[in-house]
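Notes to accompany the following structure.
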Amino acid sequence: MIQKKICMIGAFAVGKTSLVERFVTSLFSEKYHTTIGVKIDKKLIHVRDCDMSMILWDLYGEDEFQKIRASYLRGAAGYLLVADGTRAETLTKAVALQKFTEETLGKTPFALLINKCDLVNEREIDRNDLETCRQNGWRVIETSAKTGEAIEDAFLTLAADMLECDANTQ
Amino acid sequence: MDDPSFKDHSRRTTPETPANGEDGLTELRHLLFAPETTRLTEIKERLDDPQLHARDISEVLPDAVRIRSTRDTQLTTALTPIVEEAIHTSVQKSPQMLVDAISPLMGPAIRKSILVTIQGMIQSLNQAIEHSFSVKGLGWRLEALRTGKPFAEIVLLHSLVYRVEHVFLIHKKTGLLLQHVNDGVVTIEHEDLVSSMLTAIQDFVQDSFGTQQGDGLSTLQVGGMTVWIEQGSQALLATVIRGTPPEALRPMLLDVLDTIHAEHADLLVLFEGDSTPFEAVRPSLEDCLQRQYQDVKKRKTSPLLWMMGATIIVAFGLWTFSAIREHLRWTDYIATLQAQPGIVVTSTERRDGKYIVVGLRDPMAEDPEAILATQTVIAPETVASVWEPYYALTTEFQLARARRALKPPATVTLSMEHAILRARGAAPHRWVVEAGQLARTLPGIDHYHDDDVLDTDVRELEAYKMKIEHLYFQYPRGSSAISEALKEQLELTSETIKKMDTSAQRAGKHVHIDIIGHADEIGSETVNLAISQRRAARLLAKVDSPTLAHVTMTARGIGTQMTRSDGSSDRDPASNRRVSFNLRITDVLP
Ligand SMILES: Nc1nc2c(ncn2[C@@H]2O[C@H](COP(=O)(O)OP(=O)(O)OP(=O)(O)O)[C@@H](O)[C@H]2O)c(=O)[nH]1
Ligand SMILES: [Mg+2]
């Protein structure tokens, strides 16, 4: 059994907590309870013949009052960058946060999740912008904590990337 | 009110004035007052038209409000109910708008306020703890009063000074759990989550209170529990302690942490989530599971009370001493009984001053009463015993029981293996038969083997058979009479046959003796046959007796059919003039 610390990073109310909740307990709630500080959860998974205990650090969403703290990111083996598909500015924020995180952690496996993809009519993030991200070598996954779409895929892909990264450094 | 448009207007109106004489006054008035009149009309118009009026006020309102609000609070007072009312209506009409407006503010605002609250809480918590130390005694008394429990019990409850219930070794950088031990009393479910949360709290506090890197949070209070966190360069050692740990515990914890750092430096630096190598530190962590109970304070007692106490203790001591001694003797006796083969004690008790022992006893086991009398000093009348008979199925007892039942002769040995009873040696026929029947009825014996027992009666019979078959009576030519020379041999034959009869009876056998007469080859065949028949018949008459119950005889002559030297070179006619015996031993038909 190998343990890994994973951080959920993104602007406020993009659905970080909802994604973790969906992945860990398969539940979803419409109610919004902002995360204060950090909420930690655990999920046992099996990828590539390896048992992994994912310790998920769900951080508060960054806003103008609270910047993400480097200390919470420390030691993360991977992270999920979350943006809200219905708020274009959250993608800008995600890009900024990715830069900050990479400065803090060094090159670390991550994936960009465009969440709330169920809200098709309110879509604000342009597919072309995502293409640009993909061309930069980012993994981009469109998810919905509400319908559960691509949630498992997102976490398991990250886990596989982390194992790959381990294998390369050894 | 220097309105430029007003001036323009007055100049323009002059040529339009009427020119007739009657209207001279009017004309004059017009000339004199025309601008004022127009102005008045205009003012009137502006005052009467609400739209224009509103436009005018809108020009001055911001300035007016500003000027007024610097002077006094009248305007605010006047506006407050209106603004309140307006907000109220707005919230009722479209709440979403307000929510949208303030929701970006709410999260951060809540966080801020919580931060402040936590700070306050930690402070007041520390105060409360310090305070409770100084008035502890009083507190306990109040608690006793309140709960109705005896004071002593409260003291006892509180006499736990401290107990380390959990020890976490945490990887500092990742917050992942390296190893966890608990005291076996209190367990927790997700120790890995606890580990991460402790790290998160550490980070939170370190950031929030701007403490120096390296000297983060070292003590947490959660209810009655204290969490101590020792910092190392790569790992944290967090101990969850119930009660009040002594400061002296800290150096010990730090020592353990230092040792772990020294011994596993590489592992700690290279840690990537696999905690198995850290199994090795478990013993060190277990050393941290310290505990301490407080001595309950002794009070000064009066000498009289001491003496009373002492007397009671001595009396009680004497009583208990004899009781204990008696009890020890009794348990000794029971142990002796238990050790006896064939005795099983099922229960013992003490009732009405008597010891009662109940159990099972094989009839062949030692007598418990005898053991009581000879091996103990317990008064026999104080003991009542109830023994149910049973068959002990140990090899020892099986054998003893078989010996008792089968009564084997000294020449037979019995042995027992896997519920099979085996007899070896030699025994009379009768014993062999009886033992065979009895053995089948013995409890716990599945098979009985007596193949290795020699039947002495049968053997004797065989010996007699051999002896008789080796005898032969020789006759002169042409004679069938028993000569004087044959008399002794005849007696021996009769004697042997008689013994054989008894022997056959014992062995349960029947013996048939075939007496065969022979003749030499001299002379005619008819004569020879006749003489051989005579020889056999005459001998039969001599040896047969009505007293023989188990031996029968027949006589026949076979002439020269079985001459002794038949086929050989040295023919001796004399040796063929004889009688021989052929014996057959058969089982008696039941
Ligand atoms: N329709 C839809 N709503 C979602 C989805 N994910 C989250 N939400 C809603 O978005 C709101 C915010 O979700 P959270 O998960 O609390 O967001 P967060 O990123 O953890 O927010 P902070 O902790 O404040 O940073 C909640 O009301 C959720 O119900 C989604 O995939 N689809
Ligand atoms: Mg959240």
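Computed from a predicted model, the values in this text were never measured in an experiment. Throughout, protein chains are lettered first and strands after them, A, B, ... in sequence-line order, and every chain is numbered starting at 1.
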Note to self: Let's test your reading of the structure: which of B:L270, B:D192, B:T276 forms the most heavy-atom pairs below 4.5 Å with chain A?
What the structure shows: B:D192
Checklist line | A:Q3 side chain vs B:L177 backbone, donor-acceptor pair below 3.5 Å | finding: yes
Note to self: One pair to check against side chain to side chain contact (heavy atoms under 4.5 Å, CB included): A:Y72 and B:T199. What are the steps and the verdict?
What the structure shows: CA-CA 9 Å; A:Y72 286 145; B:T199 327; over 6 Å; no
Check: Counting only heavy atoms not in B:K173, do more than 12 fall under 6.0 Å of its NZ?
Finding: no
Next item on the list: Would you name the heavy atoms of A:M1 and B:D274 that are closest together and state the gap between them?
Entry: O-OD1, 3.9 Å
Next item on the list: Search all heavy atoms of B:A200 against all heavy atoms of A:I40 and return the closest pair with its distance.
Entry: CB-CD1, 3.9 Å
Note to self: Using 0.5 Å steps for rounding, measure from the CE atom of A:M162 to the CD atom of B:E272.
What the structure shows: 11.0 Å
Next item on the list: Kindly compute the distance separating OG (B:S195) from NZ (A:K42), expressed to the nearest 0.5 Å.
Entry: 10.5 Å
Margin query: I'd like to check the side-chain hydrogen bond (donor to acceptor under 3.5 Å, both in side chains) partners of A:T143; sequence neighbours left out, ordered by chain and number.
Written below: A:N115
Check: With A:K5, which residues qualify under salt bridge (charged side-chain N to carboxylate O under 4.0 Å, His left out), at least two apart?
Finding: none
Next item on the list: Compare every heavy atom of B:K172 with every heavy atom of A:R74, then report the nearest pair and how far apart it is.
Entry: NH2-O, 3.8 Å
Note to self: If I measure from the heavy atoms of chain B, does A:I55 come under 4.5 Å with its side chain, its backbone, both, or neither?
What the structure shows: side chain
